[in-house]
Amino acid sequence: MSENVASLSVSGVTKRFGDFTAVENLSFEVRPGRVFGFLGPNGAGKTTTIRMIVGITIPDEGVVELFGERMSPKLQDRIGYLPEERGLYKKMKIVDQLRYFAALKSIPKEVADKRIDFWLGRMNLSEWKTKKTTDLSKGMQQKIQFISTVLHDPDLLILDEPFSGLDPVNVEFMIDVLSEFKQKNKTVIFSTHLMETAERLCHDIILINKSKKVIGGSLREVKESYGKNIIALRSVGGDAVLSDKSLVVSVEVHADEKDIVLADGADSQHLLRKLVESGATVTKFEQVEPTLNDIFIEQVGGSKSEPPA
Amino acid sequence: MRKFLAVVKHEYKKVVYKWSFLLGTLLFPVLGLGFAIVPAIIFSLKGETTRIVVVDASGKILPRLKENLSSERIKEKARQAAKEQIGDLNASQEEKMRRGADQLASGFTFVDYPWAGKSVAEIRQDLNTKAATDEIDAYLLIPADVETKNASFEFRSRKGGDFVANDTLKDALNQAVRSQRLSDANINETLVKDLSQNIAFEAKSINEKGEEKDSDMLFIASLVIGMLIYLTLTIYGQVILGAVVEEKETRIAEVLFSSARPFELMFGKLVGVGLAGLTQLGIWVISLAVLVGVAATQGGAGDLLTGLPSISPLMVFLFLVYFVVGYFVYASIFALIGAMVTTVQEGGQFAFPPIMIMLIGFYFCFAVIRDPNSDLSFWVSIAPLFAPLTMPVRILAEMPPFWQIALSIFLNVLTITGLVWLASRVYRVGMLMYGKRATIPEVWKWIRQA
């Protein structure tokens, strides 16, 4: 798989349910070896989009291409999909469930058995192999579900809210596993509400709201497009300068510093000069990037959708 | 295809590798046998002998009563009654009857009680005391005027519920009094008995080839077959419903749909569970065949089987075909329901209509047994939904013309194709709809859109 072929390309995809348009004219690309964050509030169309990517539903318009081919059932074997609301067979032994899920991904039994032992060992769940789902704690079940997603060593991993319900130790563990996938030049897509996690893990993101793409691109680009007008300032004096509306739009006072939002067209260096000239003592003057959380709230907050968790 | 087979294997194992399956497979024949045998055993259990005092004011009845209650007489009577009902007796049945008669006869011990010179009231009081102190169990007061029509016989017993013993006593007494009355009127009792014997009424059904079949046994065998098909269809229909709802409820469906086509998943489920059902039926059929085989070589017990309608291998084959056909008809309906609802409980409510249809089909079996060649029998054994229940019974009652069987299978396979098509469309959409149960218009929309 060459670097320049996108592992996933979604172009002009639209999905309607009756009068309701769940996804409208959505386009994005995901490149191999990168972690892609699929962000958006509840009801934005994330799950619908993911279902089209994994071939559960077919788009009304537009095309989903995987590894340079149009999506088809045979490509499903190369995808590992962990849905947000996932389950296991309650009264079935763990090993039997995992074997079944592997068989559905065309993995021969002998190979599956080896991988099951490997993953159960890695997750410290070996002694639960022949137990039933009902004997396991929720966290354990979640790990088993994760194993079922990666047993066939997929080239594209799609995880819907993979960290919800996991304790911090297991979150770290999961992140380690995801980085391994990234290192093997596989592609990881995950959707989340947790902007801190997304910020930490993702190379690229897309934010959708009300069925449409809001922003997308590499994390760097997205932040840069938002991040030039906020200054973290710690100073004594200079209040007159800060109330100059041609320079400063708003001042948010925190415990020992202020967040300054620059006016359109104002230059940060110009502000700094003015402050120094006014005789203020400046101990901190830092141009800050907005967090993904800020961007998310700015883009989505006005809408009636639920706030991010 | 490999994935389809994986689904079939998975569903098969899910049903068969369970204690409940083993238990059901073993228990069903045991229960069946139990229902046939246990009542017989319980009724043949010996009650304790009844100690009885008979006060015969007439002085004519007691000897006759004692004679009638002797074991020879009871045996003779039982044989007479059986002869009228069944016809010729074979050895094993006669043996059984002899044992029964012995038990009834030994059921009474006559206790002497000097009553001369006492009034009826005194006697009554006396005997009630004896009964209360457990000296005797029962007493019988025979009036002096036995010849009159309204002569009343007083029987008091502490074991009033022992109807076997009570009936025996009543019969014996009745007969004793009747004999006495006849002899008083100078009528020859033997002559009366001979002349008033029941006529021999032999009921057998004949088929178009003119072969005879025993009606009673045919009725029972047909009922068993109809019941068996109805039960297995209901049970395995519910298994399908449960399996579909589980995958929807736990959201496993979403993972499955990202790995295989919905049609493969649904049809694999139908086939897997169906094979499990066939396995169970197969075990029953084979064990029944072995049982019959063993019984046949064991002589005595084999006589019981002579009345059974003969079942040819072709019939067994057709029964299995109709089981498979019926299974797919109803299982696809249950799969459709499973995809519509959100919980097993809700599924239970919606399972009512198909179960009702099956039940109606089962009731039609009676019409078919009574007249396998009527127009009604023809139509219900051809009609989709009913045929899987009624046709096997019709085949057992009387093999219909081949074209009718072919037509009925053809129509029902057509129905299956339609139902599976419908179910797979509902399945593909419904399995991913969480939260609320789908309404009929919604389901209709899924069918058109999917």
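Per chain, numbering begins at 1; letters A, B, ... match sequence-line order. Basis for what follows: all heavy atoms, side chains included, without hydrogens, waters or symmetry-related copies.
Among A:Ser148, A:Ala103, A:Pro73, the residue with the largest count of heavy-atom pairs under 4.5 Å with chain B is A:Pro73.
We find the CD-CD1 distance between A:Gln145 and B:Ile252 to be 8.5 Å, quoted to the nearest 0.5 Å. To the nearest 0.5 Å, atoms OG1 (A:Thr57) and CZ (B:Phe257) are separated by 11.0 Å. Put simply, CD1 on A:Ile107 and CZ on B:Arg2 are 9.0 Å apart, with the number rounded to the nearest 0.5 Å. Distance check, rounded to the nearest 0.5 Å: CD of B:Glu246 to CE of A:Met92 gives 7.0 Å. Interatomic distance, OG of B:Ser259 versus CD of A:Gln76, reported as 6.5 Å (0.5 Å rounding).
Dense packing is recorded around NZ of A:Lys184, with more than 12 heavy atoms of other residues, nucleotides or ligands lying under 6.0 Å away. At most 12 heavy atoms of other shown residues, nucleotides or ligands fall within 6.0 angstrom of atom OH in B:Tyr17. Within a 6.0 Å sphere centred on CZ of A:Arg115, heavy atoms belonging to other residues, nucleotides or ligands number more than 12.
Scored by the ring-ring contact (aromatic ring centres under 6.0 Å, His included) test, A:Tyr100 finds B:His10 as partners (sequence neighbours excluded).
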> Could you walk me through whether B:Val7 and A:Leu104 pass the side chain to side chain contact (heavy atoms under 4.5 Å, CB included) check?
Replying inline: CA-CA 8 Å; B:Val7 178; A:Leu104 285 181; 3.8 Å; yes
>> Run the side chain to side chain contact (heavy atoms under 4.5 Å, CB included) test on B:Lys14 and A:Tyr89 for me, step by step, so that the C-alpha distance in whole Å, both residues' side-chain angles and the decisive distance to 0.1 Å come before the verdict.
In response: CA-CA 10 Å; B:Lys14 237 178 103 191; A:Tyr89 294 101; 3.8 Å; yes
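Heavy atoms closer than 4.5 Å to chain B are found nowhere in A:Arg99, neither backbone nor side chain. Using a 4.5 Å cut-off between heavy atoms, A:Ile79 does not touch chain B at all. No part of B:Glu264 comes within reach of chain A, as not one of its non-hydrogen atoms sits under 4.5 angstrom from that chain. At a 4.5 Å heavy-atom cutoff, A:Thr133 makes no contact with chain B through either its backbone or its side chain. Contacts of A:Phe101 with chain B are made by side-chain atoms alone, with heavy-atom separations under 4.5 Å and no backbone atom involved. Heavy atoms closer than 4.5 Å to chain A are found in both the backbone and the side chain of B:Leu432.
For the pair B:Glu254 and A:Tyr81, the minimum side-chain heavy-atom distance is below 4.5 Å. Within the 4.5 Å cutoff, no side-chain heavy atoms of A:Pro83 are placed close to those of B:Arg251.
Residues B:Ser258 and A:Lys105 share a closest heavy-atom pair of O-NZ, 3.0 Å.
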